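One structure below.
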Amino acid sequence: VPPATNHQNRLLDLANIGPQEVNLSLLQNHINDFLEDRNTISPESNFADNTFETKPLDFERASILVIEGTYIPLLSNLDFLIFINLDYKSSLDNRINRGRESFDPFVEKVLDIEHHIITEYKTKADIIVDVNYKIQALIMPIEHSRYFSVNIGHTRSLTKKLNLDYGLGYVVFQLVGPGNFNVYHENTVRDESTLIESKPYKKNDVVKTCQGLEPRISMALKLNESQSIKIGYNQIQQFIHLLSNTMAISPADIWKKSNQQLPQQIVDQYTIGYVKDWNKGMYESSIEAYCKNNKNVIDYVDGAELYLNPLIETQLLVGKGNAYGAEFFFKKVRGVNLTGWISYTYAKSFRQVNATPNQESANFGLRYPSNFISPNNFKFVLNDRLTNRISFNANFTYATGRPITYPNGRYKIYVYNEVYDYLNDNNLNPRPGFIIQSYGRNGQTYYFLNNSKVDELLDGYSTPSFSLRNSERIPDYIRLDLGITLDPKPNSKSNSSWNFPIYNVLGRQNVYSIYFKSSTGLRNQARTYKLSILRAVIPSLTYNFKFQ
Amino acid sequence: MKRLIFFLCLTLLSCETEITDLKIINDSDDIVVYGELTNTKGPIKVRIHQTSKYDPFDISTFKGRSIENAEVYVKDDKGAITILKYLGEGLYSTDDNSIGEINRKYKLHINTLDGLEIKIDAEKIEDMPFDLSANLKDQAGSQNNYFIRRQDFVEFLTTCPVPPPPPASPTPCFSKCWEAPLNTQPLLINDFQLDGEILPLPLNPINLKDITRWAIDLNVLNVSKNVYSFWKKQEQQHLVGGSIFDKIPAQIKENLTCINKPEQQLLGVFLVAGITKKRIQIDRFKDVSPDVF
């Protein structure tokens with residue numbers, strides 16, 4: 001209904017305020033017309049005459065449709081919904097500034113009711129902005145998927161000493177709606193300019209189906225009572241991918257499901273292991289080696305922006321990876337006083353992302369270490385009962401620092417301009433120069449030139465050079481924890497104990513993250529910082545007791 | 001609540017420290033190339049040097065080693081070769097007023113004394129036929145990326161010679177001079193979603209106080225998507241603050257390749273573009289409303 005009539009309806013009954021006041025189905029038709037490039041005619045309200053006029057909408061030439069209104073979140077097929085989080089006072093001020101309606105206490109009451117209704121729509125928004133249009137919240141859509149798997153397996157003893165275990169799995173993954181999923185031009189590098197559309201899918205509509213077989217086989221050969229060898233092979237399909245930004249103050253991960261642009265990751269893993277018990281099971285030792293080949297590893301472009309990015313596919317690349325390593329383990333299983341174990345792991349893991357028609361390469365197409373690979377990992381755990389009541393424990397960890405990309409140099413790009421060229425061509429650079437100085441007198445500022453020596457003209461765009469991806473490492477992680485436990489006397493009625501552990505006895509400031517700041521107020525800097533967490537020696541005292 | 005207390009404890013026990021002696025295993029020995037070739041008359045200039053050691057701060061005196069006496073030439077799509085002569089300090093230039101032609105492709109070739117053969121993929125000079133004012137009219141029907149250089153000239157009044165200190169009155173000897181603050185920060189805009197529209201140039205407001213005249217020279221270059229992307233990444237990398245919401249710092253590469261030593265990293269860009277120049281003049285007494293003051 002026209003504006004004045006609508007106002008009369010509200011005066012009759014405040015319950016008339018709400019979405020029913022707006023012809024939402026007509027608006028929805030206009031959206032559909034826009035999506036199908038159909039021109040249409042829209043009603044336009046005339047406040048002065050309390051009538052509707054018609055206005056043609058030329059959708060054939062339009063590429064973006066912006067709809068503003070109170071009940072817009074109730075419409076469907078919207079790519080993006082922005083909620084302006086105004087409080088009641090700001091809304092009132094806006095309307096007064098707009099000057100279309102008269103204002104009285106009734107209008108304020110209407111605004112109050114509308115505010116209560118609108119607040120419920122906030123959860124539907126993709127972006128929430130404040131009164132100054134600064135982003136308060138950017139809500140990323142939740143991805144929905146289905147996963148089905150069927151597995152068959154069989155274990156068979158080929159001989160008395162040789163066991164065979166084999167099986168086959170079949171897995172299906174489906175990315176489903178609701179949501180908008182980006183479609184890009186084929187055979188062009190994905191970026192914002194190659195986006196065709198953000199295609200809407202309804203609930204349970206299948207966006208992408210990925211499937212594959214998961215064969216597995218393993219054999220165990222018992223050499224004698226204390227020794228055995230195991231070998232195995234399996235293939236795994238992975239449909240959820242981990243993306244890690246390791247160069248931030250607080251390294252964080254996001255998980256991304258396979259979609260039209262990101263196929264499932266396929267891992268082939270080969271293992272071989274040798275286990276030996278010593279001294280009738282007093283000691284246990286093992287060596288295990290593995291090798292992995294990864295297809296369709298997901299990584300990010302150089303200079304990626306991973307968080308709150310609605311076009312995240314433009315930041316992701318598909319590559320390949322391989323990893324190999326071995327673990328050595330020795331354990332004292334039984335003992336009167338002393339037990340513990342020691343382990344050492346050697347591991348390597350690499351990735352490589354080459355350019356394809358749909359993506360650029362990463363790291364110049366060269367192979368680089370994976371984000372979290374730590375080649376040397378040593379752990380030592382000791383428990384020693386010193387007396388009947390006192391026991392001592394120690395825990396030592398050493399791990400090579402994880403890979404990181406450091407700034408390893410600086411360079412200048414000489415963006416020529418005519419002033420520099422003139423000075424250079426006329427041998428005026430370096431040159432004697434002048435500096436502008438000023439002083440104030442009688443409320444006026446006077447300027448004059450003073451002689452000054454200009455050593456060299458700053459004529460370049462200075463920027464840090466970074467190492468190849470993950471070619472450096474953060475400092476190694478070393479930590480020793482010690483603890484003493486005092487148990488109750490053997491004949492004591494109480495069932496309590498004291499525990500005195502000391503965390504990080506060496507007081508080493510182990511690095512949690514290393515990161516860079518260019519935006520420190522001055523341009524062109526690249527200052528490096530480290531963050532250490534729990535960096536001090538931390539003693540504590542615990543009293544444990546049990547109720548009988 | 002438990003999580004909040006946990007993170008609060010972690011924060012109290014954590015410490016941020018600036019690393020002033022960053023230990024780097026792989027010092028950079030990358031080669032940096034920068035050159036421009038446009039459709040205006042003027043020598044083609046290319047500078048080639050190596051990166052310097054890492055320094056967290058900007059460097060006013062550049063210490064990167066110049067790549068000297070290399071063989072540098074530009075080859076167009078008809079096979080014509082223009083040789084650049086070495087002028088010193090890593091700078092190479094043509095000795096005539098060379099000019100690029102619209103819609104022709106140009107490749108830069110570099111052969112260093114160390115035996116490295118470097119080539120830069122062919123770049124085409126796109127036309128830049130716009131009438132430039134403070135806005136830019138985009139050419140419809142094509143994706144355009146603009147790299148804009150700005151040079152300001154600011155007029156100021158001087159007293160000369162050096163005046164005596166107050167309260168003595170200065171010698172009445174006023175001169176009009178121009179100051180040319182050097183600016184190497186490019187402006188970058190493109191016509192994404194705005195094909196054929198008028199694009200406003202993001203010129204920062206100028207300070208009109210105590211200024212009589214201000215002139216802004218603008219060179220607008222219609223560059224390729226790759227060159228635009230290179231400069232955009234450079235600018236974004238200058239805004240990194242260590243947050244997870246920032247771009248992840250990385251080496252910025254362009255279309256340079258070393259033919260006979262693929263592992264040699266090459267940085268920089270050879271910019272081939274159509275160019276339009278414009279000088280905007282602002283007279284405080286004619287162009288600015290008295291209300292401003």
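Here is the naming used below: chain letters follow the sequence lines, and residue numbers restart at 1 for every chain. Keep in mind the model is a prediction, meaning the values are calculated, not measured.
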Nearest 0.5 Å please: distance from the [atom1] atom of [X] over to the [atom2] atom of [Y].
X	Y	atom1	atom2	answer
A:Arg527	B:Glu18	CZ	CD	4.0 Å
A:Arg410	B:Ser28	CZ	OG	12.0 Å
A:Ser193	B:Tyr228	OG	OH	10.5 Å

TODO: State whether B:Lys233 and A:Glu360 are salt-bridged, where the test is any N-O pair (Lys NZ or Arg NE/NH1/NH2 against Asp/Glu carboxylate O) under 4.0 Å.
DONE: yes
- [ ] Salt-bridge test for A:Lys517 and B:Glu16: reply yes if a basic N is under 4.0 Å from a carboxylate O, no otherwise.
- [x]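 Salt bridge: yes.
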Can you tell if the side chain of [X] reaches within under 4.5 Å of the side chain of [Y], non-hydrogen atoms only?
X	Y	value
B:Gln237	A:Thr463	no
B:Ile248	A:Tyr300	yes
A:Glu192	B:Asn190	yes

Task: Check: B:Gln251/A:Ser465 side-chain N/O donor and acceptor closer than 3.5 Å - done: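 There is such a pair (donor and acceptor under 3.5 Å, judged by atom type) between the side chains of B:Gln251 and A:Ser465.
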[X] versus chain B, the contacting section by heavy-atom distance below 4.5 Å:
X	answer
A:Leu531	both
A:Ile514	side chain
A:Asp191	side chain
A:Gln315	side chain
A:Tyr406	side chain

Non-hydrogen atoms of chain A under 4.5 Å away: do they reach the side chain of [X], the backbone, both or neither?
X	result
B:Gln143	side chain
B:Leu266	backbone
B:Lys225	side chain
B:Asp29	neither

- [ ] Could you tell me which non-hydrogen atom of B:Lys247 sits nearest to which non-hydrogen atom of A:Gly303, and how far apart they are?
- [x] CD-O, 2.9 Å
Open item on the list: Give me the atom names and distance for the closest heavy-atom approach of B:Leu267 to A:Tyr411.
Closed with: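 Smallest interatomic distance, heavy atoms only, reads CD1-CE2, 3.5 Å.
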Open item on the list: Treating B:His49 as the side-chain partner and A:Lys412 as the backbone partner, does any N or O pair qualify as donor plus acceptor under 3.5 Å?
Closed with: yes
Task: Any donor-acceptor pair under 3.5 Å from A:Glu472 side chain to B:Ile25 backbone - done: yes
- [ ] List in chain and number order the residues that pass salt bridge (charged side-chain N to carboxylate O under 4.0 Å, His left out) with A:Asp299, two or more places apart in sequence or in another chain; answer none if no residue qualifies.
- [x] A:Arg351, A:Arg469
Task: Which of A:Asp302, A:Val301, A:Thr528 touches chain B most, by non-hydrogen pairs under 4.5 Å - done: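 Winner by heavy-atom pair count: A:Thr528.
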Open item on the list: Quick check on the interface: out of A:Phe466, A:Phe364, A:Phe516, who has the most heavy-atom pairs with chain B under 4.5 Å?
Closed with: A:Phe466
- [ ] Mind running side-chain contact (heavy atoms from CB on, under 4.5 Å) on A:Ile413 and B:Gln234 for me, showing each step along the way?
- [x] CA-CA 10 Å; A:Ile413 301 170; B:Gln234 290 282 359; 3.7 Å; yes
Open item on the list: Can you tell me which of B:Gly268, B:Pro249, B:Ser229 forms the most heavy-atom pairs within a distance under 4.5 Å of chain A?
Closed with: B:Pro249
